[in-house]
Engineer: 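Quick one: the structure is below, questions incoming.
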Amino acid sequence: MKPIFSRSADKILRALLVGALVVLAIGISFASWLFHPRQTEVGYTPVQPVAYSHKLHAGDLGMDCRYCHYTVESAAVAAPPPTEICMNCHTRVGATSASLAPVRESYSKGTPIPWVKVHRLPDYVYFNHSAHVNAGVSCVSCHGRVDQMIEVKQAEPLNMAWCLDCHRNPAPRIRPVEQVTNLGWQPDRDPAEIGSEIIRARGISPPLDCSGCHR
């Protein structure tokens, strides 16, 4: 009986099968690389020059985020605190603590503490903290429960898809402005319903075009 497929067809089929497996392997490898924490940087926790606990300060002591990051409501950047802010308390609290020696040295020499930035965006991305905070986007939405972190880590991927998901459906992440730095805020009803009401009342319309974030 004459075979249905020729030898050349068999070779082509085998080659196509091998090629499909190679493409699949490459695709899986690329997806693994793309979504690996090294790329999204979720979980990134750099070692800081001073062992500062946000859990102690923002959590246990209830310090408002804006006391240290004082530019967050008025500028694009949430500035790290100058040493003078630290020393407002630590001239009296832990004034001789060995762990605070770098803070005292920074204060006496007038040189800034070299804090390591945790949440880093590419240079081609424009992000304005004040625009988000004043719209009712809490610190929690981007940074997680910092008040529960001894060492601050990156809690969200901060990539383009993640940002666009929020811009397309901001209601669940919008809260009353006075609750923005209340990281443990518990609404008495559906937060998306509250957010929708605020969006309608204030005419909030997050940009979806490229120029919103790339300028």
Side-chain angles (χ1 to χ4, degrees), residues 31-32 34-45 53-80 117-122 124-215:
S32 299
L34 184 64
F35 294 105
H36 192 279
R38 283 195 298 267
Q39 313 310 324
T40 63
E41 295 193 341
V42 172
Y44 173 60
T45 313
S53 170
H54 277 75
K55 182 181 183 301
L56 171 63
H57 292 79
D60 299 343
L61 299 177
M63 289 177 61
D64 192 289
C65 308
R66 293 166 294 188
Y67 182 74
C68 295
H69 302 289
Y70 61 95
T71 63
V72 73
E73 294 177 298
S74 58
V77 178
K117 193 170 185 178
V118 178
H119 303 88
R120 301 172 297 179
L121 294 178
Y124 53 80
V125 175
Y126 174 77
F127 180 86
N128 189 310
H129 275 83
S130 65
H132 289 76
V133 168
N134 291 315
V137 179
S138 173
C139 314
V140 170
S141 294
C142 299
H143 301 302
R145 289 298 302 271
V146 177
D147 59 322
Q148 296 177 356
M149 299 180 190
I150 296 176
E151 295 180 318
V152 173
K153 63 181 179 181
Q154 184 168 321
E156 300 290 350
L158 306 183
N159 56 31
M160 183 174 172
W162 181 82
C163 294
L164 282 173
D165 284 344
C166 183
H167 277 218
R168 291 187 181 111
N169 182 31
R173 300 172 181 84
I174 298 290
R175 61 176 67 184
V177 173
E178 62 271 16
Q179 299 294 343
V180 164
T181 59
N182 179 6
L183 306 188
W185 180 63
Q186 295 293 327
D188 55 5
R189 54 196 174 99
D190 183 2
E193 183 181 337
I194 296 173
S196 295
E197 292 175 358
I198 295 172
I199 288 170
R200 286 194 298 269
R202 300 186 58 191
I204 296 172
S205 180
L208 293 174
D209 57 283
C210 303
S211 62
C213 301
H214 304 292
R215 302 181 180 181

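All values derive from a computational prediction rather than experimental measurement. Positions are given from 1, in the same order as the sequence printed here.
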Engineer: Rounded to the nearest 0.5 Å, what separates atom CD1 in Ile174 from atom CD1 in Ile199?
Structural biologist: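 Ile174 CD1 to Ile199 CD1: 5.0 Å, rounded to 0.5 Å.
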Engineer: Any heavy-atom pair between the side chains of Leu183 and His143 that's under 4.5 Å?
Structural biologist: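 Answer no - side chains too far apart.
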Engineer: Report yes if some heavy atom in the side chain of Val125 is under 4.5 Å from a heavy atom in the side chain of His214; otherwise report no.
Structural biologist: yes
Engineer: Side chain of Arg175, backbone of Asn182: donor and acceptor closer than 3.5 Å?
Structural biologist: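 Side chain of Arg175 to backbone of Asn182: a pair is present.
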Engineer: Just jot down the side chain to side chain donor-acceptor pair (under 3.5 Å) partners of Tyr67, sequence neighbours excluded, or say none.
Structural biologist: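 By the side chain to side chain donor-acceptor pair (under 3.5 Å) rule, Tyr67 matches Asn88.
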Engineer: Spell out, as yes or no, whether a donor-acceptor pair under 3.5 Å connects the side chain of His54 to the backbone of Ile150.
Structural biologist: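 Here the side-chain-to-backbone pair does not exist.
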Engineer: At what distance, to the nearest 0.5 angstrom, does CG of Asp60 lie from CD of Gln148?
Structural biologist: 10.0 Å
Engineer: Under a 3.5 Å distance rule, please check whether His129 uses its side chain to pair with a backbone N or O of Ala76 as donor and acceptor.
Structural biologist: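 It does hold such a pair.
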Engineer: Using a 4.5 Å cut-off on heavy atoms from C-beta on, say whether the side chain of Tyr126 contacts that of Ser211.
Structural biologist: no
Engineer: Any side-chain heavy atom of Pro176 within less than 4.5 Å of one from Trp185?
Structural biologist: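 The answer is yes; the side chains approach within 4.5 Å.
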Engineer: Checking the side chain of His167 only, and the main-chain atoms of Leu208 only, is there a donor and an acceptor separated by less than 3.5 Å?
Structural biologist: no
Engineer: For residues 194-215, pull every pair meeting salt bridge (Lys or Arg N to Asp or Glu O under 4.0 Å), keeping only residues two or more places apart or in separate chains.
Structural biologist: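 As it turns out, the salt bridge (Lys or Arg N to Asp or Glu O under 4.0 Å) pairs with a partner in residues 194-215, which skip direct neighbours, are Arg189-Glu197.
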Engineer: Can you measure from NZ (Lys55) to CZ (Arg145) and round to the nearest 0.5 angstrom?
Structural biologist: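 Spacing of NZ (Lys55) from CZ (Arg145) equals 11.0 Å.
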Engineer: With sequence neighbours excluded, what pairs up with Asp64 under the side chain to side chain donor-acceptor pair (under 3.5 Å) test?
Structural biologist: Arg66, Thr181
Engineer: Could you check whether any side-chain N or O of Ser196 sits under 3.5 Å from a backbone N or O of Ala171, counting only pairs where one atom can act as donor and the other as acceptor?
Structural biologist: no
Engineer: Quick one: pull up NE2 in His132 and SG in Cys142 and give me the separation to the nearest 0.5 Å.
Structural biologist: 6.5 Å
